[in-house]
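For reference, the structure discussed in these notes is given below.
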Amino acid sequence: MAEPDISDLVANRLRDVADFPKQGVVFKDITPLLGDGDVFGAVIRELASRHTGSSSAQPIDAVAGVEARGFIIGAALAHELGVGFVPVRKVGKLPGDTVQRTYDLEYGTATIEIQSDAVSPGQRVLLVDDVLATGGTAIAAWDLLGGVGAEVVEFATIVELAFLGGRKAMGERPVRALHVVGDGEDA
Ligand SMILES: O=P(O)(O)OC[C@H]1O[C@H](OP(=O)(O)OP(=O)(O)O)[C@H](O)[C@@H]1O
Ligand SMILES: Nc1ncnc2[nH]cnc12
């Protein structure tokens, strides 16, 4: 039997919530996906697939994830790959020296930070999150990591909301999405 398509698996476990957290926003809720062990596992294995094995095209040294939903995906992925996890947190939660960035996202403004010694110089980091919307969060996290010496190899996400232009905003930074919304289908 053919393997189910990962994009279809994700689509079947996403829930659209109208007017959350603000009027006019259709929120893509990943909690049904997280609650389905088979699909959650398939998503993590798929994200890991291009970074595993000695002949991997894209070996990495660490996974970074953005609080809060990016922690769930990122920690599971780091464990699957046998590498460490770098938390990119909302401001005010990390001890020691930190660097911060403020950015706009689909429904507001936020500030995130990482510890100044979060990575070793040249460490190859895979940045992950659950959703790419405007790209504000991913760009801020990518640039923070790069600013403390990481070589960020890719931004990987479960869902991309193509109609919000995040991929374009990311510019040269490579983006991988398992499921794209608003690319010829209903947003
Ligand atoms: O591409 P953007 O427009 O920046 O939007 C994407 C971001 O929005 C959500 O985070 P949110 O700040 O809502 O935080 P949460 O994970 O704590 O729910 C999502 O998890 C991404 O991090
Ligand atoms: N529409 C949306 N659904 C879920 N997470 C998001 N992050 C930014 N926009 C989002």
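Side-chain atoms are counted along with the backbone in the values below, which use heavy atoms only and exclude waters and symmetry mates.
Salt bridge status for R124 with E151: present, with a side-chain N to carboxylate O gap under 4.0 Å. Look at R89 and E67 and you find a salt bridge, because one of the NZ, NE, NH1 or NH2 atoms lies within 4.0 Å of a carboxylate O, short of that distance. E160 and R167 are joined by a salt bridge, as a carboxylate oxygen and a charged side-chain nitrogen come within less than 4.0 angstrom of each other. Classification of D143 and R173 as a salt-bridged pair holds, one side-chain N sitting under 4.0 Å from a carboxylate O.
A pairwise comparison of heavy atoms in G146 and V152 identifies N-CG2, 4.2 Å as the closest pair. Contact detail for P95 and Q115: the closest heavy-atom pair is O-NE2, 2.9 Å. The minimum heavy-atom distance linking K90 with A68 is given by the pair NZ-N, 4.1 Å. Here the shortest heavy-atom pairing between P87 and L94 reads O-CD1, 4.2 Å. Considering every non-hydrogen atom in both V83 and A62, the closest pair reads CG2-CA, 3.9 Å. Smallest separation of non-hydrogen atoms from I44 and I73: CD1-O, 3.8 Å.
One finds the NZ atom of K28 at 12.5 Å from the CZ atom of R15 (value rounded to the nearest 0.5 Å). To the nearest 0.5 Å, atom CD of residue E106 and atom CG of residue L164 are 4.5 Å apart. R69 contributes atom CZ, which lies 9.0 Å from atom OG1 of T137 (distance to the nearest 0.5 angstrom). Summarising the geometry, atom CG belonging to L33 is positioned 11.0 Å from atom CG belonging to D38; distances are rounded to the nearest 0.5 Å. Atoms CG and CG, on L81 and L126 in that order, are 7.5 Å from each other to the nearest 0.5 Å. Considering CD of E154 and CG of L47, their distance stands at 9.0 Å, rounded to 0.5 Å.
The closest donor-acceptor contact from the side chain of T157 to the backbone of V131 lies under 3.5 Å.
Note on F155 and V10: separate hydrophobic clusters, where clusters join Ile, Leu, Val, Met, Phe, Trp and Tyr whose side-chain heavy atoms are under 4.5 Å apart, directly or indirectly. By the rule that hydrophobic residues join a cluster once side-chain heavy atoms approach within less than 4.5 Å of another member, V128 and L161 end up as members of one cluster. V125 and W142 fall within the same hydrophobic cluster, where Ile, Leu, Val, Met, Phe, Trp and Tyr residues are linked whenever their side-chain heavy atoms come under 4.5 Å apart, directly or through other members. Criterion: ILVMFWY side-chain heavy atoms under 4.5 Å apart, direct or through other members. Under it, I72 and V86 are not part of a common hydrophobic cluster. Under the 4.5 Å side-chain contact rule for hydrophobic residues, L127 and I60 do not share a cluster.
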Practice problem: Evaluate the criterion side chain to side chain contact (heavy atoms under 4.5 Å, CB included) for residue pair L14 and I30; output intermediate values, then yes/no. | Solution: CA-CA 5 Å; L14 278 184; I30 62 159; 3.8 Å; yes
Quiz prompt | Stepwise side chain to side chain contact (heavy atoms under 4.5 Å, CB included) test for I139 and Y103 | solution = CA-CA 9 Å; I139 292 167; Y103 58 95; over 6 Å; no
Quiz prompt | Test side chain to side chain contact (heavy atoms under 4.5 Å, CB included) applied to V43 and I158, step by step | solution = CA-CA 8 Å; V43 161; I158 300 177; 3.9 Å; yes
Exercise. Output, in order, the C-alpha distance, side-chain angles, deciding distance and verdict of side chain to side chain contact (heavy atoms under 4.5 Å, CB included) for V25 and Q23.
Key: CA-CA 6 Å; V25 174; Q23 195 76 21; over 6 Å; no
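Ring to ring, F71 and F85 are close: their centroids are under 6.0 angstrom apart.
For the side chain to side chain contact (heavy atoms under 4.5 Å, CB included) with V159, the lone residue among V181, L178, D130 that qualifies is V181.
No hydrogens or angles considered: a donor-acceptor pair under 3.5 Å links the side chains of D104 and T109.
Ring pair F20/F27 is perpendicular by interplanar angle, where above 60° counts as perpendicular and below 30° as parallel.
Within 6.0 Å of the CG atom in D97, the count of heavy atoms belonging to other residues, nucleotides or ligands does not exceed 12.
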